[in-house]
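Only heavy atoms go into these numbers, but all of them, side chains included; no hydrogens, no water, no symmetry mates. Letters go in sequence order (proteins before strands), and every chain restarts at 1.
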2 protein chains.
Amino acid sequence: MTVENILHKHNLKSTGCRKLILSELLESKAALAESEMKASIPELFNRVTFYRTLKTLEDAGAIHKIVLQDNTTKYAVTRQKCQGQDIHSHFHCSRCDGVFCLQNNLQLNIELPQGFVRHHVSMVVEGLCAACN
Amino acid sequence: MTVENILHKHNLKSTGCRKLILSELLESKAALAESEMKASIPELFNRVTFYRTLKTLEDAGAIHKIVLQDNTTKYAVTRQKCQGQDIHSHFHCSRCDGVFCLQNNLQLNIELPQGFVRHHVSMVVEGLCAACN
DNA sequence: GTAACTGCAAAATATTTGCATCCTT
DNA sequence: AAGGATGCAAATATTTTGCAGTTAC
């Protein structure tokens, strides 16, 4: 799974900002916040481009965002194991702030009120990761 | 469960802004965003006070916030059924944007990677509510 | 009376929009 | 060549901070 692969697969032009963001996310084990990406990527791109690129990549399905309870947003490459899950779940370490995609084949039997219909579920597990535990 | 009850129970002074926000949330079946609260509450309070009051109420445990995948934040009174749940789950209607606390006694068996420890889980179920379905 | 809540002004931060320029295909 | 991506400037929105005045207890 290379950066070019991903871009081509989603019919996206191969541009500087996209490649940098994708390679950054591919290399990282954890999901990254905008600030974390900017820290490692030199000031090649300004914030506007960042926002637009993240949105483009997300709309195309190349990456997905994870919204934490503290309102911060992190991004991760959408890997095969992430796809087709009714429940998309992530782990958030309270100590190092790391966010990781969880691979789960969970079958949730959630009772909803009468007349409610469920489309999909997102879940964040808070706790300590192996390194911090 | 009156507003004064709640404030007293959490050792909070009974002030105008707190009472308005709490009564607003108590009356509403759905969780409310800051913008939704402001719509029904006259301009008695400015934004700064709003933020600070919400934080105070949240820190005290009188209300809790729900962060949705689109980054919006809603608030709801912490009722008895909300408490002591390992998994706090909410329903978000994609059509009317309503957010409701779900009462569930779900026992989740989530498999975590080696060495990871789980503290608690938050979950948002997306779908259609009874009125919109 | 006192600690803490509120309001105002303003700073800091985050996000969006319009437009001109540049680049990928 | 053309459509789309980028950068800049600036508008808009969101959140935080300091300080002075006010209020609940």
Length of the [atom1]-[atom2] vector between [X] and [N], whole Å:
{"X": "A:Ile21", "N": "D:dT6", "atom1": "CD1", "atom2": "P", "value": "8 Å"}
{"X": "A:Leu20", "N": "D:dG7", "atom1": "CG", "atom2": "P", "value": "10 Å"}
{"X": "B:His10", "N": "C:dA4", "atom1": "NE2", "atom2": "P", "value": "18 Å"}
{"X": "B:Phe50", "N": "C:dC8", "atom1": "CZ", "atom2": "P", "value": "15 Å"}
{"X": "A:Asn11", "N": "D:dA5", "atom1": "CG", "atom2": "P", "value": "12 Å"}

Search all heavy atoms of [X] against all heavy atoms of [Y] and return the closest pair with its distance.
{"X": "B:Leu22", "Y": "B:Val77", "answer": "O-CG2, 4.3 Å"}
{"X": "B:Tyr75", "Y": "B:Leu25", "answer": "O-CD2, 3.4 Å"}
{"X": "B:Ile66", "Y": "B:Ala31", "answer": "CD1-CB, 3.7 Å"}

Among B:Glu36, B:Glu34, B:His92, exactly one meets side chain to side chain donor-acceptor pair (under 3.5 Å) together with B:Lys74. Which residue is that?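 So, applying the side chain to side chain donor-acceptor pair (under 3.5 Å) to B:Lys74 and each of B:Glu36, B:Glu34, B:His92, only B:Glu36 qualifies.
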The contact string for nucleotides 15-25 of chain C, one letter per nucleotide 5' to 3', using protein heavy atoms under 4.0 Å with B, S and - for base, sugar-phosphate only and none, comes out as BBBB-----BS
Whether A:Phe100 and B:Phe116 hold their rings parallel, tilted or perpendicular, with breakpoints at 30° and 60°: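 Ring orientation, 0 to 90° scale: perpendicular.
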May I ask you to list the residues of residues 58-65 of chain B, by number, that have any heavy atom positioned under 4.0 Å from an atom of DNA chain C? none
Does B:Thr53 put a side-chain nitrogen or oxygen below 4.0 Å from OP1 or OP2 of C:dT6?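 Result: yes.
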Between the main-chain N or O of A:Lys13 and the side-chain N or O of A:Arg18, is there a donor-acceptor pair closer than 3.5 Å? yes
Hey, does B:Thr56 reach any base, or is it just sugar-phosphate, or nothing, if we go heavy atoms under 4.0 Å? nothing
Would you say the rings of A:His64 and A:His88 are close, in the sense that their centroids are separated by under 6.0 Å? yes
Greater than 12 external heavy atoms within 6.0 Å of A:His120's NE2: yes
